[in-house]
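To start, the structure itself, in structure tokens.
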Amino acid sequence: GAMLYNGPLVRWRGHAIRDGVLQIDAGPTNFREFVGTNLYSRARIDEIGRERFANPIGTTGTVITADGWLVYGRRSQRVAWHAGYLHTFGGALEAADLRPDGSIDAFAAVHRELAEELRVGAEEIECTSCVGLIHDHEIWQPELLFEIRLRVDCGELLGRLDVDDPHQEHVSLEPVRDELDALVPFIRRAAPVAPIGVGAICLHGRHRWGEVWYAHALRQLWPEEGERA
């Protein structure tokens, strides 16, 4: 009963930063290989080796509304992984994102997912920024992290979710004010939050309010790590 299908994906093989530009070495994979390695053999990564995992490149975004809200989605119980978790919006790089020259349009990929999941049109997007490459420590999937600023207010966006759509990945949308003191309490209140969702929120705060905010947020979320350090 889970929402899952096989299809071609784009695989992470390595990355580097050259002259300030993130460059990813990519190859082919598919959902079947993703399920068999990252999802169901994740505990064997040291034994098998990460280079033998499918490692499809995810594209996922924090949505920022015109009136100053960050919006995340609560995943359905029918999705194949992180069911019931709060998450960013997105999917994975697919064959459709390949350009004729062999490069990949990652921005088009995240815009496609927004159109499918939130019915956001291209004309409603003010700007899109790629803010990082992180991996999910539970399934070791690499994710390109985006922030998408909309020309749409929060209330209007919340009204677009069609919970009766059997193909909808989310059962609700959960907003938080884009304010310094709001993000850490939101992470605690919204649990469970997918690892990528936590990373997206923390990186947003880091870019917006700096390293002092970021270090304080980490101490609040994981005080035991701070004590060991």
Side-chain angles (χ1 to χ4, degrees), residues 12 14-24 57-75 82 85-91 93 106-107 109-111 113-114 118 120 124-155 157-158 173-229:
W12 173 91
H15 70 273
I17 297 177
R18 298 184 177 92
D19 298 326
V21 177
L22 173 63
Q23 297 181 350
I24 300 176
I57 302 170
T59 56
T60 187
T62 289
V63 171
I64 307 170
T65 65
D67 52 347
W69 292 83
L70 309 180
V71 181
Y72 299 91
R74 181 70 61 184
R75 287 169 66 80
H82 294 326
Y85 280 60
L86 195 77
H87 209 302
T88 44
F89 301 99
L93 294 179
F107 288 83
V110 75
H111 290 169
E113 295 293 340
L114 284 183
L118 294 174
V120 171
E124 297 177 313
I125 298 174
E126 181 178 332
C127 64
T128 303
S129 304
C130 183
V131 296
L133 175 68
I134 61 179
H135 73 257
D136 185 322
H137 70 87
E138 292 183 1
I139 61 176
W140 296 97
Q141 181 187 10
E143 295 259 4
L144 278 170
L145 200 58
F146 294 83
E147 291 194 350
I148 306 102
R149 293 190 175 273
L150 302 183
R151 298 187 175 97
V152 177
D153 287 347
C154 182
L157 188 67
L158 297 184
L173 303 181
E174 300 184 20
V176 57
R177 287 294 300 175
D178 187 11
E179 296 173 351
L180 184 146
D181 296 326
L183 300 191
V184 170
F186 175 72
I187 292 173
R188 291 171 170 166
R189 184 172 67 251
V193 183
I196 295 299
V198 175
I201 295 170
C202 289
L203 281 178
H204 174 80
R206 185 181 191 177
H207 292 145
R208 184 156 165 72
W209 297 295
E211 295 294 335
V212 173
W213 179 93
Y214 184 66
H216 181 62
L218 297 188
R219 286 195 299 270
Q220 287 181 288
L221 292 168
W222 298 284
E224 66 281 2
E225 296 295 329
E227 292 171 5
R228 280 200 288 269

query: side-chain contact (heavy atoms from CB on, under 4.5 Å) between Val176 and Ile187: does it pass, once the steps are laid out?
result: CA-CA 10 Å; Val176 57; Ile187 292 173; over 6 Å; no
task: Decide yes or no on side-chain contact (heavy atoms from CB on, under 4.5 Å) for Leu118 and Leu173, but give the supporting numbers first.
output: CA-CA 10 Å; Leu118 294 174; Leu173 303 181; 3.8 Å; yes
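The salt bridge (Lys or Arg N to Asp or Glu O under 4.0 Å) analysis of residues 174-188, with sequence neighbours excluded, yields the pairs Arg74-Glu174, Arg177-Glu179, Asp178-Arg208.
Formation of a donor-acceptor pair under 3.5 Å by the His207 side chain with backbone atoms of Leu203 is found in this model. Between the side chain of Asp67 and the backbone N or O of Cys154 there is at least one donor-acceptor pair closer than 3.5 Å.
Taken from OH in Tyr214 to NE2 in His204, the straight-line distance is 14.0 Å, to the nearest 0.5 Å. Separating the OG1 atom in Thr59 from the NE2 atom in His111 is a distance of 10.0 Å, to the nearest 0.5 Å. Distance check, rounded to the nearest 0.5 Å: NE2 of His135 to CD1 of Ile57 gives 14.5 Å. Here the OG1 atom belonging to Thr65 is positioned 12.5 Å from the CD1 atom belonging to Ile148, to the nearest 0.5 angstrom. In this structure, CG in Leu150 is found 8.5 Å from CD1 in Ile64, a value given to the nearest 0.5 Å. One finds the CG atom of Asp136 at 10.5 Å from the OG1 atom of Thr60 (value rounded to the nearest 0.5 Å).
Here the closest non-hydrogen pair linking Gly197 and Thr88 is CA-CG2, 4.5 Å. Scanning all heavy atoms of the two residues, the minimum distance from Gly73 to Phe89 falls at N-CZ, 3.4 Å. Nearest heavy-atom pair across Ala109 and Leu93 is CB-CD2, 3.7 Å.
Contact of the Cys130 side chain with the Val110 side chain is not registered, since no non-hydrogen atoms from C-beta on lie closer than 4.5 Å. Leu22 places a side-chain heavy atom less than 4.5 Å from the side chain of Leu144. At a threshold of 4.5 Å between non-hydrogen side-chain atoms, the residues Pro142 and Ile24 do not count as touching. In this structure, the side chains of Ile201 and Tyr72 come closer than 4.5 Å at one or more pairs of heavy atoms. Looking at heavy atoms from C-beta onward, Val193 lies out of side-chain contact with Phe186 at the 4.5 angstrom threshold. The shortest distance between side-chain heavy atoms of Glu211 and Arg206 falls below 4.5 Å. Side-chain contact check for Trp213 versus Leu183: some heavy-atom pair is nearer than 4.5 Å. Inter-residue side-chain proximity for Val131 and Thr62 is flagged as unmet; no heavy-atom pair is nearer than 4.5 Å.
Using cut-offs of 30° and 60° for the angle between ring planes, the Phe146 and Phe107 rings count as perpendicular.
The number of heavy atoms from other shown groups lying within 6.0 Å of NE2 (His216) does not exceed 12.
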